[in-house]
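Take a look at the structure below.
What you see is a predicted model, and the numbers here were worked out from it, not measured in a lab.
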Amino acid sequence: MFDYETLKLIWWVLIGVLLIGFALTDGFDLGAAALMPFVGKSDDERRVVINTIAPHWDGNQVWFITAGGALFAAWPMVYATAFSGFYWAMLLVLFALFVRPVGFDYRSKLQSPRWRSSWDWALCLGAIVPSLVFGVAFGNLFLGVPFHFDGDLRLAFQGTFWQLLSPFALLCGVVSLSMLCLHGGTWLMMRTEQDVAQRARRVVQWALLVYLVAFIAAGIWLAVGNLEGFAIRSAFDPGAALNPLAKTVDQSNHGWLANYAQYPLTQLAPGVALLGAALAFAAATARRSGVAFLGSSLVIVGTLCTAGFALFPFILPSSLDPASSLTVWDAVSSQKTLGIMLVAASIFVPLILCYTLWGYIKMWGTLNAGHIKANEHGLY
């Protein structure tokens with residue numbers, strides 16, 4: 001079995017993989033739902049969009065649930081602190097996600113245009129809100145979350161929901177929303193035909209433009225702005241048990257860029273994001289939907305890795321007391337817990353991958369308004 005320090009690093013990677021898996025899979029159906037009222041001009045066209053994602057969205061949520069469970073088991077203090085600090089934001093996401101299964105099931109139950117249009121916009125907002133809030137939450141990690149621990153490791157949180165909505169955090173929300181709309185647009189390019197696919201192609205180009213402007217602006221803000229990142233300055237044992245206060249932290253990591261200078265390979269992450277954006281734009285222009293989807297997938301992987309590499313080893317920085325910040329080294333469960341979980345993950349994560357892939361293979365194909373009219377009662 002691996003030593004404690006190695007297990008901590010492995011679980012940092014695994015939770016990152018789960019978050020990326022969630023963004024890649026649930027990201028395209030969030031993006032597609034957010035775009036539905038804009039790429040679907042008629043009732044049949046909107047049903048086309050719904051039927052490209054409805055068979056998969058609940059399976060895609062497995063990545064989100066698995067990531068949450070892994071976070072609870074591997075980083076219990078991060079889980080507790082994050083749900084305290086982002087409590088109202090989490091509730092907002094939760095209620096937005098409630099709309100999706102209800103909307104998919106009830107939207108086409110009545111023929112009333114008003115009824116269907118109302119559910120269309122509800123599904124759209126139910127996708128936009130989580131996409132935006134996830135980015136805002138990531139933005140607040142760079143700013144620091146207002147919490148601290150006392151000598152007995154009791155948590156105190158002193159922020160409000162409105163404090164989370166700072167300009168930089170909202171900019172990160174725009175990065176997230178445009179990135180997932182891009183991913184949803186490339187998905188619709190692959191899975192639809194005729195006018196819907198054509199409108200999705202134009203949306204991809206506009207979403208790419210917004211993403212590039214927001215992503216580059218956020219990077220510049222970190223590099224030349226007054227955002228000071230954290231750095232651990234005291235000697236510490238990376239294999240020690242949980243004790244967040246057993247370290248000294250200062251704000252000498254300007255713009256959270258130190259890791260990129262210390263570990264040059266991490267610079268590949270933003271490069272992958274920009275390369276994916278260029279690939280998606282070129283492929284969308286050439287109407288190569290599969291290549292465009294690959295490009296948007298690279299955008300997601302590169303963007304999340306860019307954030308993760310910049311923050312490492314910090315997971316949840318504290319703006320009130322830097323020493324209370326939670327890191328990969330001091331916010332984890334016991335060595336035995338991490339070891340048992342690693343065995344479970346080695347078994348079940350491949351199973352999730354296999355049945356997810358099987359589901360996509362069995363339900364693959366393109367849709368158009370003709371399919372909807374020919375299967376009036378067989379589709380959503």
Side-chain angles (χ1 to χ4, degrees), residues 1-23 62-87 89-90 93-94 133-134 137-150 152-157 159 164 229-230 232 236-247 249 256 259 304-305 307-346 348-349 352:
M1 183 57 68
F2 299 104
D3 60 59
Y4 199 14
E5 179 181 355
T6 303
L7 282 171
K8 292 177 181 181
L9 286 171
I10 289 173
W11 272 101
W12 178 76
V13 172
L14 283 177
I15 291 180
V17 168
L18 290 173
L19 291 176
I20 290 173
F22 167 67
V62 170
W63 291 98
F64 190 37
I65 296 168
T66 305
L71 186 68
F72 170 75
W75 296 338
M77 294 190 74
V78 174
Y79 183 91
T81 305
F83 272 78
S84 296
F86 299 129
Y87 183 77
M90 295 287 188
V93 169
L94 187 62
V133 171
F134 290 144
F138 261 98
N140 276 279
L141 297 184
F142 289 96
L143 300 172
V145 182
F147 73 92
H148 67 87
F149 294 103
D150 63 16
D152 296 321
L153 294 183
R154 290 177 297 188
L155 172 67
F157 180 80
L164 301 177
F230 296 165
I232 299 175
F236 69 99
D237 180 7
L242 182 150
N243 186 4
L245 299 179
K247 63 180 182 296
V249 177
W256 292 97
N259 283 341
L304 292 182
C305 288
F309 292 160
L311 290 167
F312 183 84
F314 291 89
I315 305 169
L316 201 62
S318 169
S319 60
L320 295 182
D321 176 25
S324 294
S325 299
L326 300 175
T327 73
V328 172
W329 311 122
D330 55 27
V332 297
S333 295
S334 67
Q335 182 175 2
K336 185 174 183 179
T337 298
L338 296 182
I340 293 173
M341 287 175 55
L342 181 60
V343 174
S346 300
F348 291 107
V349 171
I352 294 173

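Residues passing the side-chain contact (heavy atoms from CB on, under 4.5 Å) test with Thr66 are Leu18, Val62, Ile352, sequence neighbours excluded. In this structure Thr327 satisfies the side-chain hydrogen bond (donor to acceptor under 3.5 Å, both in side chains) test together with Asp330, sequence neighbours excluded. Applying the ring-ring contact (aromatic ring centres under 6.0 Å, His included) criterion to Phe134, with sequence neighbours excluded, gives Phe22, Phe64. By the side-chain contact (heavy atoms from CB on, under 4.5 Å) test, Ala73 is found to be paired with Met341, residues two or more places apart in sequence or in another chain being considered. Under the side-chain contact (heavy atoms from CB on, under 4.5 Å) criterion, Phe83 pairs with Tyr79, Met90, not counting sequence neighbours.
Distance CG/Leu7 to OG/Ser333: 11.0 Å, rounded to 0.5 Å. Within the model, atoms CG of Asn140 and CG of Leu164 stand 4.5 Å from one another, a figure rounded to the nearest 0.5 Å. Interatomic distance, CZ of Phe2 versus CG of Leu338, reported as 12.0 Å (0.5 Å rounding). Atom CZ in Phe230 sits 7.0 Å away from atom OG in Ser319 (nearest 0.5 Å).
Summarising the geometry of Leu155 relative to Ala80, their closest heavy-atom pair is CD2-O, 4.3 Å, with the distance given to 0.1 Å. When all heavy atoms of Ala67 and Leu19 are compared, the closest pair comes out as CB-CD2, 4.1 Å.
Counting only heavy atoms from C-beta outward, the side chains of Trp75 and Leu326 never approach each other to under 4.5 Å. Looking only at side-chain heavy atoms (C-beta outward), Trp11 and Val332 stay at 4.5 Å or farther from each other. Side chains of Ile232 and Ser325 form no contact here, defined as non-hydrogen atoms less than 4.5 Å apart. At least one side-chain heavy atom of Phe86 sits less than 4.5 Å from a side-chain heavy atom of Val145.
Panel note: side chain Lys8, backbone Val328; no donor-acceptor pair is recorded below 3.5 Å.
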Donor-acceptor contacts, no H, no angles, side chain residues 309-316, under 3.5 Å, sequence neighbours left out:
none

